[in-house]
Visitor: 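Structure provided below as structure tokens; questions to follow.
All values reported here derive from a predicted model rather than from experimental measurement.
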Amino acid sequence: PSFVSRSENHEVGRNDPPMERDESAAVDNETTYTGTTVWDTGSIDDSTSSAITLPFTFNFYGTNYTQVVLTSNGVLTFGASASAAFSNTDFPTSMNNSVLAFWDDLYLTSVNGTSQSALVYKVAGTAPNRQLIAQWTTMYYCCGSNVQMGTFQIILYETSNVVQLQYRNIVGTGRSQGNSATIGIQGSSSQYVKFLANVASPLLVDGFAIRYTPSGATYTQTTGATYD
């Protein structure tokens, strides 16, 4: 999935200038949505959203949740509160009950008024197969560096309780590919599945997806999953 280009139909109705290439589709035939905006103006650093109530129950590491919180640093946490910590670590992390799509010191901002970051989400589909889609759009690195990271998503699937991470657009190499990020899922300090953490050889590319499928008390991680 993707979200409507804000130069065509902004979520809250403003006429912003066209975004840079983060708004292009990573794959052909993506379904396009208009989302609910968490942030899309100004500079946002080390912040958490209000709790977002899901219209379905999502089971994560054996616990049922009906709320999530999104952070500016690339993390979704289950429950009513979350940490906005920017200094990422290897697993096990301090981020319990969380999906770490790209935990790093990220920043929502605009450069020369032409490429404003945004965090948006959408509940799509119909019961019992709905999805919560959260997208971090045109993200930068903190603070004031004017260095883009790119655009990525977290998708939660109703009923199957599958989690998918998707990387629509990676800008540049090295850090944007994950060489200073933490990516994976964690229920507790003894329950986690690691994809990477501060690796010397980053692995992310445009259109890359990672899928976490419940398997007993843990999850099966599928790298190079089919981009949804």
Visitor: When Ile52 is tested against each of Val123, Leu70, Val69 for side chain to side chain contact (heavy atoms under 4.5 Å, CB included), which residue passes?
Guide: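 Going through the options one by one, the only one that passes is Leu70.
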
Visitor: Between Thr57 and Asn64, do the side chains contain an N or O donor and an N or O acceptor separated by less than 3.5 Å?
Guide: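 Looking only at side-chain atoms, Asn64 and Thr57 do not form any donor-acceptor pair under 3.5 Å.
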
Visitor: Atom CD in Gln148, atom CG in Leu106: separation rounded to 0.5 Å?
Guide: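 CG of Leu106 is found 12.0 Å from CD of Gln148.
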
Visitor: Any chance CZ of Phe86 has more than 12 other-residue heavy atoms, nucleotides or ligands included, within less than 6.0 Å?
Guide: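 No, CZ of Phe86 has 12 or fewer neighbouring heavy atoms, counting only those of other groups under 6.0 Å.
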
Visitor: Under the side-chain contact (heavy atoms from CB on, under 4.5 Å) rule, what do Leu54 and Gln67 come out as? Steps first, then yes or no, please.
Guide: CA-CA 6 Å; Leu54 304 175; Gln67 289 184 309; over 6 Å; no

Visitor: Parallel, tilted or perpendicular, judged at 30° and 60°: which one describes the rings of Tyr141 and Phe102?
Guide: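 Ring orientation of Tyr141 relative to Phe102: tilted.
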
Visitor: Please work out which of the three classes, parallel, tilted or perpendicular, describes the rings of Tyr192 and Phe91, given edges at 30° and 60°.
Guide: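 Ring orientation of Phe91 relative to Tyr192: parallel.
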
Visitor: Go through Val163 and Leu156 one step at a time and tell me if the side-chain contact (heavy atoms from CB on, under 4.5 Å) criterion holds.
Guide: CA-CA 5 Å; Val163 177; Leu156 306 181; 3.9 Å; yes

Visitor: Taking the six-membered ring for Trp, are Phe208 and Phe195 parallel (under 30°), tilted (30 to 60°) or perpendicular (over 60°)?
Guide: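 Rings of Phe208 and Phe195: tilted, 30 to 60°.
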
Visitor: Going only through I, L, V, M, F, W and Y residues with side-chain contacts under 4.5 Å, is there a path from Val99 to Leu203?
Guide: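 Val99 clusters together with Leu203.
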
Visitor: I'd like to know if Leu100 and Leu119 are part of one continuous hydrophobic network [Ile/Leu/Val/Met/Phe/Trp/Tyr, side-chain heavy atoms within less than 4.5 Å].
Guide: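 No, separate clusters.
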
Visitor: To the closest 0.5 Å, what do you measure between OH (Tyr212) and CD1 (Ile154)?
Guide: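 These two atoms lie 10.0 Å from each other.
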
Visitor: For Asp90, which residues count as a salt bridge (charged side-chain N to carboxylate O under 4.0 Å, His left out) partner, sequence neighbours excluded?
Guide: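 With neighbours one apart ignored, the set is Lys194.
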
Visitor: What's the separation between atom CZ in Phe152 and atom CD in Gln135, rounded to the nearest 0.5 Å?
Guide: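 So the CZ of Phe152 and the CD of Gln135 are separated by 9.5 Å.
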
Visitor: May I have the list of side-chain donor-acceptor pairs in residues 126-134 shorter than 3.5 Å, sequence neighbours left out?
Guide:
from: Arg130; atom 1: NE; to: Glu158; atom 2: OE1; distance (Å): 3.0
from: Arg130; atom 1: NH2; to: Pro55; atom 2: O; distance (Å): 3.4
from: Arg130; atom 1: NH2; to: Glu158; atom 2: OE2; distance (Å): 2.9

